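The structure appears right after this line, and notes come after that.
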Amino acid sequence: MTGALPPTEQRRALDRVVDDLVRGEAAWAACDLAKRRELLGLMRAATAEAADEWVRTASAYKRLPDDSPLIGEEWITGPYPVLTSLGALAASITALEEGRSPVDGFSFGQAPGGRVTVRVLPHSVWDHLLLNGFGAEVWMPPGTTEEEVRERAGLAQRHPADTAGVAVVLGAGNITSIPVLDVLYEQHAHNRVVALKLNPVTDGLLDVFSRVLAPLIGLGAVRVVTGGADIGTYLVHHPKVRHVHMTGSAATHDTIVFGTGTEGASRKKAGKPLLDKPVTSELGGVSPTIVLPGGWSEADLRYQAEHIATQKLHNNGYNCVASQVVVVSADWAQKNRFLAHLRAALSDAPVRPAYYPGSDDRVARALDTYGEDAERLGAGRTLITGLDPAAPGPVLTTEHFAPVLAVLELPGDPRRFLAEAVRTANEEFAGTLGVNLIAHPATLAALGPALDEAVTELRYGTVALNAWTGVGYLTATAPWGAFPGHTVDDVQSGIGVVHNALLLDGPERTVVRGPFHPAPRALLHGKTTLSPKPPWFVTNRTAATTGRLLADFAAAPRWSALPRIFASALRG
């Protein structure tokens with residue numbers, strides 16, 4: 001993000017924005033925990049009130065028809081996670097007000113390697129009912145004790161008066177909850193006041209975001225601006241800005257931190273950033289979905305093919321954690337049948353416009369690169385097969401951010417295949433944001449401890465077993481970000497985490513689990529899972545209705561709302 005500076009008048013306006021925030025920092029520091037909890041409540045009410053307009057606006061610029069079930073995506077990844085995060089942050093602040101730890105009442109456990117875990121899903125009775133069969137644990141780094149987790153949870157809210165200056169948040173353009181959630185995390189995890197620079201794709205949501213953030217704007221703790229790269233460049237280099245957080249690609253990150261062209265490349269190689277302040281980031285990568293061989297029914301093959309199609313086609317592939325490569329066993333007897341179902345699921349999913357800039361060009365490059373191995377499936381969708389494991393090409397190292405999915409075949413029975421798939425995911429794929437594993441319960445039982453070892457070895461910020469890593473994104477109390485350890489000159493999928501409403505200090509990863517069989521078919525396999533086909537599936541026929549009902553429930557949880565949610569979900 002370098003180039004020409006904005007005109008003088010715009011620079012002066014941006015200076016006023018930053019100066020407002022410098023003054024607003026004192027007002028933010030003066031807010032005790034009770035006041036901050038009150039502000040979160042006001043934001044929750046404002047989000048509920050703006051939710052309809054939020055979804056209508058996002059659906060309009062994504063060019064979704066008014067009657068499309070895909071509008072459910074905008075409910076479930078727009079106002080819904082903001083509402084749940086506001087509630088979860090308020091609960092954490094309440095705990096601190098009362099002299100408790102935010103993790104009090106949450107279950108602790110153990111994971112391999114001396115890791116303490118915190119079970120964040122299910123937690124409430126609502127979780128048990130609405131997300132029955134799904135679970136999520138936060139794994140802390142080896143050696144961290146339960147007592148240390150309890151003592152450190154709360155981060156900057158343990159000392160609310162100790163603020164940390166002005167931050168710039170460069171908002172995402174794909175998932176509409178990201179800009180608001182990133183602002184919340186900068187404020188509550190790090191005690192910063194925030195200038196939010198919107199991605200031009202989301203400029204139409206300026207009014208909605210301003211209404212949602214109005215309590216913080218009125219306090220002077222947040223300002224929202226729009227504009228192009230010149231505006232972002234001026235803000236991130238502003239001498240009164242102390243921190244930058246961004247969501248986007250590794251290439252954009254490097255442009256911001258090191259600059260462009262040969263000079264930028266030289267700075268990166270020398271480890272000498274152009275930007276003289278810390279940068280945290282949530283970036284993309286190439287997310288794998290590892291499918292373990294097993295004895296699947298025809299219904300299993302069809303359902304899991306729809307599951308993977310969702311991992312690719314949700315938001316038309318414009319997700320940092322969209323699956324890009326399906327890793328299957330070349331020796332799986334059902335491989336060809338599974339791939340036939342996957343091809344059908346990709347072809348039959350609802351058609352949608354390629355709204356994100358550059359999508360068609362990225363699809364065209366994939367087609368050019370892989371030639372006869374790249375199959376056009378209509379609506380811009382491409383399936384790449386026949387990859388050479390020894391030389392798979394750029395699909396493992398270049399994020400397409402488009403409806404492009406590849407299949408990589410590796411040899412072996414479940415145990416040997418899993419070991420090789422883990423090695424490949426760790427060593428040959430770009431990025432560490434999320435990895436998915438899909439396996440029949442019988443296969444999981446046969447693997448035993450080898451499965452836990454595989455999950456432990458996978459160096460990803462979110463590992464999902466029989467679920468999509470997107471469930472981790474939607475879990476307010478789960479951290480979201482890359483696997484820890486990246487640096488600005490090798491950023492991969494980013495530095496730091498967001499969401500994390502329990503305000504855990506230094507989490508390592510989130511591990512998500514879901515049901516292999518949906519309800520009611522799960523009953524035939526001896527499982528009491530109540531969850532039917534999830535509303536985020538691109539094949540869910542009632543996703544728009546269920547998404548709206550879930551957002552309404554998140555704004556005001558109550559027993560009376562459950563029957564309509566269950567009825568809509570079951571019809572999906």
Side-chain angles (χ1 to χ4, degrees), residues 109-115 117 119 132-137 139 287-308 311 323 325-342 389 407-427 429 434-460 462-469 471-472 509-529 531:
Q110 297 288 325
R115 291 171 170 86
T117 66
R119 191 183 73 174
N132 189 270
F134 287 89
E137 297 173 338
W139 290 20
S287 292
T289 296
I290 299 169
V291 180
L292 275 68
W296 296 14
S297 69
E298 196 72 10
D300 295 338
L301 293 166
R302 181 169 55 252
Y303 178 79
Q304 295 300 344
E306 291 182 18
H307 191 182
I308 295 175
Q311 295 172 10
S323 179
V325 180
V326 183
V327 186
V328 300
S329 171
D331 300 317
W332 184 22
Q334 294 179 296
K335 178 196 68 178
N336 290 337
R337 189 66 188 143
F338 170 72
L339 293 180
H341 277 288
L342 179 59
V407 176
L408 175 66
E409 298 184 22
L410 300 175
D413 60 17
R415 194 173 298 270
R416 289 197 305 118
F417 166 77
L418 178 59
E420 180 61 14
V422 168
R423 185 204 64 77
T424 302
N426 281 339
E427 297 178 9
F429 280 67
V435 59
N436 313 283
L437 297 96
I438 297 176
H440 192 281
T443 303
L444 298 179
L447 285 169
L451 175 69
D452 293 334
E453 293 170 6
V455 171
T456 305
E457 289 175 18
L458 283 163
R459 297 192 294 271
Y460 285 81
T462 299
V463 179
L465 178 60
N466 288 334
W468 181 30
T469 46
V471 177
R509 74 183 84 189
T510 298
V511 177
V512 176
R513 291 179 171 85
F516 182 82
H517 302 105
R521 190 159 55 85
L523 295 173
L524 301 176
H525 299 272
K527 305 293 183 182
T528 57
T529 299
S531 293

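Bear in mind the structure is a predicted one, so any value in this text is a computation, not a measurement.
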Checking [X] now: which residues fulfil side chain to side chain contact (heavy atoms under 4.5 Å, CB included) with it, not counting sequence neighbours?
X: Pro293; answer: Ser329, Trp332, Pro414, Phe417
X: Asn132; answer: Thr529, Leu530, Ser531
X: Pro520; answer: none
X: Thr462; answer: Thr469, Trp480, Thr510, Val512

Spatial distance of atom [atom1] ([X]) from atom [atom2] ([Y]) [nearest 0.5 Å]:
X: Leu410; Y: Thr424; atom1: CG; atom2: OG1; value: 5.0 Å
X: Leu437; Y: Thr443; atom1: CG; atom2: OG1; value: 12.0 Å
X: Asp300; Y: Ile438; atom1: CG; atom2: CD1; value: 11.0 Å
X: Arg513; Y: Leu444; atom1: CZ; atom2: CG; value: 9.5 Å
X: Trp468; Y: Ser323; atom1: CH2; atom2: OG; value: 9.5 Å
X: Thr117; Y: Trp139; atom1: OG1; atom2: CH2; value: 8.0 Å

Residue pairs fulfilling salt bridge (charged side-chain N to carboxylate O under 4.0 Å, His left out) with at least one residue in residues 332-341, sequence neighbours excluded: Glu298-Arg337, Lys335-Glu409
Any side-chain heavy-atom pair of [X] and [Y] under 4.5 Å:
X: Tyr460; Y: Ser287; result: no
X: Ser297; Y: Arg521; result: yes
X: Glu453; Y: Thr456; result: no
X: Glu137; Y: Arg115; result: no

Closest contact, heavy atoms only, Ala421 versus Ile290: CB-CG2, 3.7 Å
Closest approach of Ala467 to Asn436 (non-hydrogen atoms, all atoms of both residues): O-OD1, 3.7 Å
Any donor-acceptor pair under 3.5 Å from Asp452 side chain to Pro112 backbone: no
Check: Asn426 side chain, Arg459 main-chain N or O, donor-acceptor pair, under 3.5 Å: yes
Partners passing ring-ring contact (aromatic ring centres under 6.0 Å, His included) against Phe516 (at least two apart in sequence or in another chain): Trp296, His440
side-chain hydrogen bond (donor to acceptor under 3.5 Å, both in side chains), paired with Thr289, selected from Gln311, Gln304, His307: Gln311
